[in-house]
There are 2 protein chains.
Amino acid sequence: MGVTKTQVFTEKQNRIADLAKALAHPARIAIIQHLLKEKSCVCGDLVEVLPLAQATVSQHLKELKNIGILHGEINPPRVCYCINETVWLEAKAIFGEIFESEVAVTCCK
Amino acid sequence: MGVTKTQVFTEKQNRIADLAKALAHPARIAIIQHLLKEKSCVCGDLVEVLPLAQATVSQHLKELKNIGILHGEINPPRVCYCINETVWLEAKAIFGEIFESEVAVTCCK
DNA sequence: AATGTCTATCGTATTATTGCGATAATAAAA
DNA sequence: TTTTATTATCGCAATAATACGATAGACATT
């Protein structure tokens, strides 16, 4: 095994998990925080900010791009990465929906 | 390698990533959704709801317990799992903080 | 004490993730 | 055309995560 049984869960449950997985690494959190705060979104700037090798940063960017949170714009010889507002708002809504639930106080009593 | 370089990131970035990792599996999303919705929080009930083996469910519960999102209460011969409101509110605040940021529209322009 | 019920843990197989050096690819500039 | 600058991809090694059968542990009931 070692493979998630995605087919037995709902599409939404899988989507939430996939979005969470994209956030499940401190480097990707740092990337997102940087893109939210700074205008600069060139790959090379991120490589300087992050204490990781260029290949590793590029890989994290690819993952964020795959899930849709980022999109890259080629601006030779650079590539500018930006947050995709559509997916960002989707994630905001999805996590907002989960966390707006009240925790049942009657549980285990 | 294969090991995350946690020491080069901030404590908060690592905490966000760890909380996200706890949500990064559809089974754990399903567990949380069930505990938010139903009063029943006995392990055995979760095993029935989830199309996974008992050992696998127990493992997912352990991960959620380790991060602090859940706590288990022994109620022999059962174990009742509940959402830990403190950590739940921490997660809500942390994700809320990230998503309240406006996406810069001037990026890549 | 023996049994039954429920949950945790162990062991194992498989796949995924992380990290990085080396190299390829792209496109402007010299 | 050659060089330079920037980013993506490949290949590898090591660790992490997923899943589950088997088994152990905890505890009430008989």
Side-chain angles (χ1 to χ4, degrees), chain A residues 1-9 13-14 17-31 34-35 40-67 70-82 108, chain B residues 1-9 13-14 17-31 34-35 40-67 70-82 108:
Chain A
M1 287 90 213
V3 68
T4 300
K5 295 175 74 176
T6 55
Q7 71 285 356
V8 300
F9 299 101
Q13 285 167 338
N14 282 305
D18 285 341
L19 285 169
K21 194 182 290 180
L23 303 179
H25 194 290
R28 295 195 289 272
I29 295 294
I31 288 171
H34 189 266
L35 293 186
S40 154
C41 50
V42 172
C43 174
D45 291 345
L46 290 166
V47 172
E48 280 181 22
V49 171
L50 297 179
L52 296 173
Q54 182 266 324
T56 308
V57 174
S58 192
Q59 196 174 283
H60 284 302
L61 287 169
K62 188 182 177 183
E63 285 179 59
L64 289 170
K65 208 167 53 176
N66 283 344
I67 198 72
L70 300 189
H71 64 92
E73 208 166 281
I74 296 173
N75 195 359
R78 289 167 236 275
V79 174
C80 186
Y81 281 97
C82 319
C108 296
Chain B
M1 287 92 213
V3 68
T4 300
K5 296 175 74 177
T6 55
Q7 72 285 355
V8 300
F9 298 102
Q13 284 167 340
N14 281 306
D18 285 341
L19 285 169
K21 196 182 289 184
L23 304 178
H25 194 288
R28 295 195 289 272
I29 295 294
I31 288 172
H34 190 265
L35 293 186
S40 153
C41 49
V42 172
C43 174
D45 291 346
L46 290 167
V47 172
E48 280 182 21
V49 170
L50 297 178
L52 296 172
Q54 182 266 325
T56 308
V57 173
S58 193
Q59 196 173 282
H60 283 302
L61 287 169
K62 187 181 178 185
E63 285 180 58
L64 289 170
K65 208 167 53 176
N66 284 344
I67 198 72
L70 299 189
H71 64 93
E73 210 167 281
I74 295 173
N75 196 357
R78 289 167 236 276
V79 175
C80 187
Y81 282 96
C82 319
C108 296

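Any value given below was found using the heavy atoms of this structure, including those in side chains, with hydrogens, waters and symmetry copies removed. In the text below, chain A, chain B and the rest are named by the order of the sequence lines, each starting its count at 1.
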Set of residues satisfying side chain to side chain contact (heavy atoms under 4.5 Å, CB included) with respect to [X], sequence neighbours excluded:
{"X": "A/Lys5", "result": "A/Gln7, A/Val8, B/Leu52"}
{"X": "B/Ser58", "result": "B/Gln54"}
{"X": "B/Asp18", "result": "B/Ile67"}

Atom-pair distance ([atom1] on [X]; [atom2] on [N]), nearest Å:
{"X": "B/Ile31", "N": "C/dT7", "atom1": "CD1", "atom2": "C1'", "answer": "14 Å"}
{"X": "B/His71", "N": "C/dT7", "atom1": "NE2", "atom2": "P", "answer": "16 Å"}
{"X": "A/Asn14", "N": "D/dT18", "atom1": "CG", "atom2": "C1'", "answer": "14 Å"}
{"X": "B/Glu73", "N": "C/dT7", "atom1": "CD", "atom2": "C1'", "answer": "15 Å"}
{"X": "A/Asp18", "N": "D/dT18", "atom1": "CG", "atom2": "P", "answer": "12 Å"}
{"X": "A/Lys21", "N": "D/dT18", "atom1": "NZ", "atom2": "C1'", "answer": "10 Å"}
{"X": "A/Lys5", "N": "D/dA17", "atom1": "NZ", "atom2": "C1'", "answer": "16 Å"}
{"X": "B/Asn66", "N": "D/dA16", "atom1": "CG", "atom2": "C1'", "answer": "14 Å"}

Open item on the list: On DNA chain D, compare the nucleotides closest to B/Glu63 and B/Ile74; which residue's is nearer the 5' end?
Closed with: B/Glu63

TODO: May I ask you to verify if any side-chain N or O of A/His60 is less than 4.0 angstrom from the OP1 or OP2 atom of C/dT17?
DONE: no

TODO: Under the side-chain hydrogen bond (donor to acceptor under 3.5 Å, both in side chains) rule, collect the residues that match up with B/Gln13, sequence neighbours excluded.
DONE: A/Gln33, B/Thr10

Task: Distance-minimising heavy-atom pair for A/Glu63 and A/Arg28 - done: OE1-NH1, 3.1 Å

- [ ] Could you encode protein contacts along nucleotides 4-11 of chain D as a string, one character per nucleotide from 5' to 3', using B for base contact, S for sugar-phosphate-only contact and - for no contact, with a heavy-atom cut-off of under 4.0 Å?
- [x] --SBBB--

Open item on the list: Side chain of B/Arg28, heavy atoms from C-beta onward: which of C/dG19, C/dT15, D/dT18 has the nearest atom to it?
Closed with: D/dT18

TODO: For the pair A/His25 and B/Phe9, name the ring-plane relationship: parallel under 30°, tilted 30 to 60°, perpendicular over 60°.
DONE: perpendicular

Task: Sub-4.5 Å side-chain heavy-atom contact between B/Leu70 and B/Ile31 - done: yes

